[in-house]
Amino acid sequence: MPRLARSVLLLAAALCAGCGSSNSSSSGPSSSAGSSGSSGGAQVTMRNIAFSPKEMTVKVGQKVTWTNEDGVDHNVTARSGASFRSQNFGKGGTYSFTPEKKGKIKYVCTIHPGMDGVIIVR
């Protein structure tokens, strides 16, 4: 029994180490990570396994920054309308992308089914 208990504890520790412990930032192909500053960037919050706002409208060239406020890792992956894919990032981490053409961008977190959003670029 002690060997089984030790194995369970090691497994639990390994799982917890991968849950939201990363505080890294990733940047998209046309942008850099971090706050929008004076550039008039748009902000998306990742909270309660959802993007907020779920849909937004931005201008061509306006940076969009996602910030993870959940205790679990997320990512941001374009499904249509653009081509970007972040690495997984934990609480406090950010990812930014700057759209370069008009249209509708649909994106998801590939870790969490149903976690999706839309950016309308004008």
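These numbers come from a predicted model, not from an experiment.
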From [X] [atom1] over to [Y] [atom2], what is the distance, rounded to the nearest 0.5 angstrom?
X: I119; Y: I105; atom1: CD1; atom2: CD1; result: 5.0 Å
X: N88; Y: I111; atom1: CG; atom2: CD1; result: 3.5 Å
X: S86; Y: H74; atom1: OG; atom2: NE2; result: 10.5 Å
X: Q43; Y: S96; atom1: CD; atom2: OG; result: 7.5 Å

Check whether any side-chain heavy atom of E100 lies under 4.5 Å from a side-chain heavy atom of V121, and answer yes or no.
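No; the side chains remain at least 4.5 Å from each other.
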Would you mind reporting whether P99 and V58 have side-chain heavy atoms less than 4.5 Å apart?
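A side-chain contact exists here, since the closest heavy-atom pair is under 4.5 Å.
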Can T94 and T67 be said to form a side-chain contact (heavy atoms from CB on, under 4.5 Å), step by step?
CA-CA 5 Å; T94 63; T67 302; 3.6 Å; yes
Ring centre gap for F51 and Y107 strictly below 6.0 Å:
yes
For V118, the other hydrophobic cluster members (4.5 Å side-chain criterion, sorted by chain and number) are I120
Which residues share a salt bridge (charged side-chain N to carboxylate O under 4.0 Å, His left out) with R47, sequence neighbours left out:
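For R47, the residues satisfying salt bridge (charged side-chain N to carboxylate O under 4.0 Å, His left out) (neighbours in sequence not counted) are E69.
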With sequence neighbours excluded, what pairs up with E55 under the salt bridge (charged side-chain N to carboxylate O under 4.0 Å, His left out) test?
none
List the atom of [X], the atom of [Y], and the distance in Å for their closest heavy-atom pair.
X: V60; Y: K101; answer: CG2-C, 3.8 Å
X: Y95; Y: R85; answer: OH-N, 3.9 Å
X: D73; Y: H112; answer: O-CE1, 3.2 Å
X: S83; Y: F97; answer: O-CE1, 4.4 Å

Would you check if the side chain of D70 reaches a backbone N or O of V72 as a donor-acceptor pair within less than 3.5 Å?
no
Using modelled atom types only, decide if a donor and an acceptor are shared between the side chain of T98 and the backbone of G61 within a distance under 3.5 Å.
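Between the backbone of G61 and the side chain of T98 there is no qualifying donor-acceptor contact (under 3.5 Å).
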Using side chain to side chain donor-acceptor pair (under 3.5 Å) as the criterion, list what pairs up with T110, not counting sequence neighbours.
N75
So which pairs with a foot in residues 113-122 pass side-chain hydrogen bond (donor to acceptor under 3.5 Å, both in side chains), sequence neighbours left out?
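Every pair satisfying side-chain hydrogen bond (donor to acceptor under 3.5 Å, both in side chains) with a residue in residues 113-122: K54-D116.
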In terms of relative ring orientation, are F84 and W66 parallel, tilted or perpendicular, with 30° and 60° separating the classes?
tilted
